[in-house]
A.B. asks: 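Submitted below is the structure of interest, expressed as structure tokens.
Just so it is clear, the model here is predicted, and its values are computed rather than measured. For the numbers below, each heavy atom of this structure counts, side chains included, while hydrogens, waters and symmetry mates do not.
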Amino acid sequence: MDGKVALVAGASSGMGAGTAKILAEAGAKVFILARRESKLANVQKEITSNGGICEYMVCDTSSEENCKNAVDACVKAFGRVDALVYCAGIEGSSTLYSPVEEQFEADNLHNVMSVNFDGIYYMIKYVYPEMVKVGGGSIVDISSVAAIRSGMSSVAYASSKGAMWSMVKTLARMVGPQKIRVNSILPGMVETEMTQDYVKDPAFLEQFIPTIALRDSGKVDDIGNTVLFLVSDASRYITGQDIVVDGGMTC
């Protein structure tokens, strides 16, 4: 990734923070976004203390204006954008265990969709012309196995991740002639802040872990290393694909 610039949204913790660190270690200049400034500053400090190059900006990706400003700031800082990794996401107020009537609260649906889907929609809108300028690029969205398998999350969350996954399929063909690749990663149960209530619940783990072929939950680096592959030239002939990283849960 030497000489490449990666814009990582949702990088204050979890998969986003882990991915930013891995890309920086691989030589990329990383520009990280999230809503929590103190956590962004900590990620930046860790990257730079290890010799990496990193800048950050507080950004609510549910706002189109914020997304535009973030892309502009990245270009101002580093001159280009070669990779967009969209890790921003929320589960919302309803969960896998919420009663059916709670799954259909409109405010929750709109909130989840605004971050999980609208955000990547806006980011791609403004990243696309910057990638055209440099002759191509790679876009990776972090979807979820909830997009393709039931019983994994709330209705709102699964719907948002399914929309992301579907958009990649459509967009990849449109932007392929500009040498821009678009792929999805569909994580299974990965240990992050969002999943901590599940991975710390012995009853849940006793029921869930046996459904995974590798009998283990995923780690942040499992996703970050897959992102590194997809944004690097090692995957130059891969686009429009969904890479399932779930330890064999859906096989």
Side-chain angles (χ1 to χ4, degrees), residues 1 4-12 15-16 19-20 23 28-36 40 54-90 92 109-144 147 156-157 159-186 227 230-231 235 238-243:
M1 294 295 291
K4 299 290 183 69
V5 174
L7 179 57
V8 184
S12 60
M15 290 182 279
T19 294
L23 296 182
K29 298 174 183 177
V30 293
F31 195 93
I32 57 176
L33 312 173
R35 292 184 288 188
R36 298 177 293 181
L40 277 175
C54 177
E55 297 289 344
Y56 75 82
M57 177 177 174
V58 176
C59 177
D60 177 358
T61 56
S62 67
S63 161
E64 180 174 359
E65 182 180 5
N66 276 200
C67 291
K68 180 183 184 302
N69 291 340
V71 174
D72 289 345
C74 179
V75 173
K76 182 177 180 180
F78 297 134
R80 58 192 291 151
V81 183
D82 299 283
L84 168 66
V85 185
Y86 194 83
C87 297
I90 59 172
L109 174 64
H110 296 324
N111 189 33
V112 171
M113 289 296 292
S114 70
V115 175
N116 295 6
F117 180 74
D118 294 359
I120 189 171
Y121 189 91
Y122 297 143
M123 292 299 300
I124 292 174
K125 175 179 178 179
Y126 294 104
V127 160
Y128 169 74
E130 299 301 329
M131 289 185 172
V132 171
K133 290 177 185 177
V134 296
S138 177
I139 297 169
V140 179
D141 87 78
I142 307 300
S143 181
S144 169
Y157 182 82
S159 299
S160 69
K161 295 298 184 176
M164 295 170 71
W165 173 70
S166 180
M167 181 175 67
V168 163
K169 296 289 188 182
T170 302
L171 190 62
R173 187 173 292 275
M174 292 181 176
V175 301
Q178 284 74 46
K179 304 301 180 185
I180 298 172
R181 299 182 297 108
V182 194
N183 293 288
S184 283
I185 294 176
L186 281 62
V227 171
L230 288 175
V231 300
S235 61
I238 298 176
T239 194
Q241 302 305 306
D242 41 277
I243 312 298

A.B. asks: Name the residue from Val127, Asn66, Leu33, Ile124 that meets the side chain to side chain contact (heavy atoms under 4.5 Å, CB included) definition with Val71.
C.D. replies: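 The single option meeting the side chain to side chain contact (heavy atoms under 4.5 Å, CB included) with Val71 is Val127.
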
A.B. asks: Could you check if a side-chain atom of Ile238 sits within less than 4.5 angstrom of a side-chain atom of Asn183, using non-hydrogen atoms only?
C.D. replies: yes

A.B. asks: Against Val140, only a single residue in Thr19, Leu230, Ile243 fulfils side chain to side chain contact (heavy atoms under 4.5 Å, CB included); can you say which?
C.D. replies: Leu230

A.B. asks: Yes or no on side-chain contact (heavy atoms from CB on, under 4.5 Å) for Leu23 and Lys4, after CA distance, side-chain angles and deciding distance?
C.D. replies: CA-CA 10 Å; Leu23 296 182; Lys4 299 290 183 69; over 6 Å; no

A.B. asks: Under 4.5 Å between any side-chain heavy atoms of Ile32 and Glu55, yes or no?
C.D. replies: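 Result no, sub-4.5 Å side-chain heavy-atom pair not found.
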
A.B. asks: Would you say the side chain of Ser144 lies within less than 4.5 Å of the side chain of Tyr157, judging by non-hydrogen atoms?
C.D. replies: yes

A.B. asks: May I have the list of side-chain donor-acceptor pairs in residues 75-89 shorter than 3.5 Å, sequence neighbours left out?
C.D. replies:
{"from": "Arg80", "atom 1": "NE", "to": "Asp82", "atom 2": "OD1", "distance (Å)": "3.1"}
{"from": "Arg80", "atom 1": "NE", "to": "Asp82", "atom 2": "OD2", "distance (Å)": "3.0"}
{"from": "Arg80", "atom 1": "NH2", "to": "Asp82", "atom 2": "OD1", "distance (Å)": "2.8"}
{"from": "Asp82", "atom 1": "OD2", "to": "Val5", "atom 2": "N", "distance (Å)": "2.8"}
{"from": "Tyr86", "atom 1": "OH", "to": "Thr61", "atom 2": "OG1", "distance (Å)": "2.8"}
{"from": "Tyr86", "atom 1": "OH", "to": "Val115", "atom 2": "O", "distance (Å)": "2.5"}

A.B. asks: Return yes if a side-chain donor-acceptor contact under 3.5 Å exists between Asp141 and Ser184, otherwise no.
C.D. replies: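 There is such a pair (donor and acceptor under 3.5 Å, judged by atom type) between the side chains of Asp141 and Ser184.
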
A.B. asks: State, yes or no, whether a side-chain contact exists between Ile139 and Arg181 at a heavy-atom distance under 4.5 Å.
C.D. replies: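 Side-chain contact under 4.5 Å: no.
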
A.B. asks: I'd like to know whether CZ of Arg36 has more than 12 heavy-atom contacts from other residues, nucleotides or ligands below 6.0 angstrom.
C.D. replies: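 More than 12 heavy atoms, drawn from other residues, nucleotides or ligands, come within 6.0 Å of this atom.
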
A.B. asks: Is Phe117 close to Lys161 at the side-chain level, that is, under 4.5 Å between some pair of heavy atoms?
C.D. replies: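 A side-chain contact under 4.5 Å is absent here.
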
A.B. asks: State the NZ-OG1 distance between Lys169 and Thr239, to the nearest 0.5 angstrom.
C.D. replies: 9.5 Å

A.B. asks: Inspect the contact between Lys68 and Glu65 and indicate whether a charged nitrogen and a carboxylate oxygen are less than 4.0 angstrom apart.
C.D. replies: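 Judged by the 4.0 Å cut-off on N to carboxylate O distance, Glu65 and Lys68 do not form a salt bridge.
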
A.B. asks: Tell me if a side-chain donor or acceptor on Ser63 pairs with a main-chain N or O of Asp60 at a distance below 3.5 Å.
C.D. replies: no

A.B. asks: Can you see whether Arg35 engages Ser12 through a side-chain donor-acceptor pair at a distance of less than 3.5 angstrom?
C.D. replies: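 No donor-acceptor contact under 3.5 Å links the two side chains.
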
A.B. asks: Nearest 0.5 angstrom please: Asp118 CG to Cys67 SG, how far?
C.D. replies: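 Interatomic distance, Asp118 CG to Cys67 SG, rounded to 0.5 Å: 9.0 Å.
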
A.B. asks: Could you give the distance from CE (Met174) to OH (Tyr128), rounded to the nearest 0.5 Å?
C.D. replies: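 Output value for this atom pair is 10.5 Å.
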
A.B. asks: What distance separates Cys74 SG from Tyr56 OH, expressed to the nearest 0.5 Å?
C.D. replies: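 So the SG of Cys74 and the OH of Tyr56 are separated by 15.5 Å.
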
A.B. asks: Does Trp165 reach the side chain of Leu186, with side-chain heavy atoms less than 4.5 Å apart?
C.D. replies: yes

A.B. asks: So how far is it from Ser114 OG to Leu109 CG, rounded to the nearest 0.5 Å?
C.D. replies: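 Ser114 atom OG to Leu109 atom CG measures 9.5 Å (nearest 0.5 Å).
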
A.B. asks: Would you say that Asn69 contacts Met57 through its side chain, given a criterion of any heavy-atom pair below 4.5 Å between the two side chains?
C.D. replies: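 The answer is yes; the side chains approach within 4.5 Å.
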
A.B. asks: Does Glu64 pair with Lys125 as a salt bridge, N-O distance under 4.0 Å?
C.D. replies: yes

A.B. asks: Pick from Ser159, Ser160, Ser62: which one makes a side chain to side chain donor-acceptor pair (under 3.5 Å) with Asn116?
C.D. replies: Ser160

